[in-house]
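All values reported here derive from a predicted model rather than from experimental measurement.
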Amino acid sequence: MSTLNLYKDMHAKGFFPGHSTHKNSSTIKGLIEKHVAKALLDYGCGKGAQYHEGKLHEAWGVPMPHLYDPAVPGLDTLPNALSAKFDGVICCDVLEHLEVKEAAAAIFNVTIRACKFAFFSIATSTAKNTLQAGRNAHILLRSEDWWRGFVEATAFDGPEIVLEFDHGGK
C-alpha cells in the first residue's frame with residue numbers, strides 16, 4: 001500500500017484533525033504581520049479543524065486559508081502553481097510523514113506557491129501513532145541539520161523560509 005493510501009486510511013479512522021498548527025500559531029501570526037500577508041495556503045492541513053473549529057485564521061486577522069491535504073477527500077486538490085499564488089504557505093507536521101522523494105516534492109510545491117513566506121514545522125522524534133503496516137507515522141526522522149540542508153536543496157528560491165522543529169513527538 002502506498003504511503004498516501006496508508007494516510008487516507010488513517011484519516012478515515014479519525015486521525016489528523018489539524019490541531020498541530022496551534023502550537024505554531026504565534027510564529028505564523030508574526031510572519032503574517034511581518035509580510036502583511038492575507039492569502040494563505042495550509043499544505044497538509046489535515047481535516048482543517050484548526051480553522052473550522054479553532055478559528056486560527058481569525059486570531060491571525062486573515063481570511064480562511066485555502067486548505068490542502070492529499071489524504072482528505074474534498075481537500076485533495078492542490079492549487080495550480082501558475083495561477084494560484086499565496087502570500088504565505090504553512091506546512092505543519094507533514095514532511096516527517098513522507099518518504100524522501102515525497103518530502104522533496106512537498107517542499108518544492110510549498111515554496112513555489114509562496115510569494116512572501118513558507119513556514120515548516122517538522123517533528124524530529126517518533127510519533128505516538130503507527131501506520132497500518134506497523135511503521136511509525138513519522139517515517140522520515142532526521143536531525144535539524146539534515147532538514148535545514150534538505151529544505152535548502154529542494155526549495156524553490158524566492159520566499160522567506162522559516163523552519164521550526166518539534167522534538168516532543170505526537
Side-chain angles (χ1 to χ4, degrees), residues 7 16-72 74-98 100-125 138 140 142-170:
Y7 284 107
F16 311 119
H19 295 301
S20 63
T21 309
H22 285 279
K23 61 187 157 199
N24 304 109
S25 181
S26 62
T27 301
I28 295 167
K29 181 178 173 91
L31 287 166
I32 290 168
E33 291 171 353
K34 174 183 178 181
H35 293 285
V36 193
K38 293 293 180 201
L40 301 177
L41 166 64
D42 189 324
Y43 186 103
C45 63
K47 293 176 186 65
Q50 65 274 44
Y51 306 109
H52 299 300
E53 298 166 15
K55 307 294 184 194
L56 273 181
H57 60 294
E58 292 178 9
W60 297 335
V62 297
M64 175 71 140
H66 184 94
L67 305 181
Y68 169 71
D69 195 303
V72 179
L75 302 178
D76 54 354
T77 302
L78 184 60
N80 183 305
L82 296 176
S83 60
K85 296 287 186 184
F86 299 91
D87 295 327
V89 182
I90 301 159
C91 185
C92 296
D93 193 22
V94 173
L95 298 179
E96 66 274 14
H97 291 272
L98 306 173
V100 172
K101 286 184 180 180
E102 296 167 327
I107 292 164
F108 182 80
N109 281 324
V110 164
T111 55
I112 199 166
R113 286 168 175 79
C115 293
K116 298 179 180 180
F117 74 88
F119 174 82
F120 296 94
S121 175
I122 306 166
T124 59
S125 61
H138 289 171
L140 187 57
R142 299 291 190 272
S143 69
E144 287 185 24
D145 288 341
W146 185 90
W147 278 112
R148 283 187 187 97
F150 186 67
V151 170
E152 184 178 319
T154 56
F156 180 77
D157 192 24
E160 175 184 5
I161 296 173
V162 176
L163 304 177
E164 285 201 359
F165 297 95
D166 179 359
H167 304 289
K170 277 196 72 149

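Residues forming a salt bridge (charged side-chain N to carboxylate O under 4.0 Å, His left out) with Glu33 (at least two apart in sequence, or on another chain): Lys29. Not counting sequence neighbours, the partners of Lys34 by the side chain to side chain donor-acceptor pair (under 3.5 Å) test are Glu160. Under the rule for a side-chain contact (heavy atoms from CB on, under 4.5 Å), the partners of Phe108 that lie at least two apart in sequence or sit in another chain are Ile112, Phe156. The salt bridge (charged side-chain N to carboxylate O under 4.0 Å, His left out) check on Asp157 picks up nothing, with sequence neighbours excluded. Not counting sequence neighbours, the partners of His22 by the ring pair (Phe, Tyr, Trp, His ring centres under 6.0 Å) test are His19. Residues satisfying the salt bridge (charged side-chain N to carboxylate O under 4.0 Å, His left out) criterion with Arg142, sequence neighbours excluded, are absent altogether. Annotation: side chain to side chain donor-acceptor pair (under 3.5 Å) contacts of Ser26 (sequence neighbours excluded): none. By the side-chain contact (heavy atoms from CB on, under 4.5 Å) test, Ala104 is found to be paired with Phe150, Thr154, residues two or more places apart in sequence or in another chain being considered. Under the salt bridge (charged side-chain N to carboxylate O under 4.0 Å, His left out) criterion, Glu152 pairs with no residue at all, not counting sequence neighbours.
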Result block: side-chain N/O donor-acceptor pairs under 3.5 angstrom for residues 74-84, not counting sequence neighbours:
from, atom 1, to, atom 2, distance (Å)
Asn80, OD1, Leu82, N, 2.6
Asn80, OD1, Ser83, N, 3.4

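Among pairs with a residue in residues 54-68, those fulfilling side chain to side chain donor-acceptor pair (under 3.5 Å) read Ser25-Trp60, at least two apart in sequence or across chains. Pairs of residues two or more places apart, or lying in two chains, that qualify as side chain to side chain donor-acceptor pair (under 3.5 Å) and include a residue from residues 105-119 are Asn109-Arg113.
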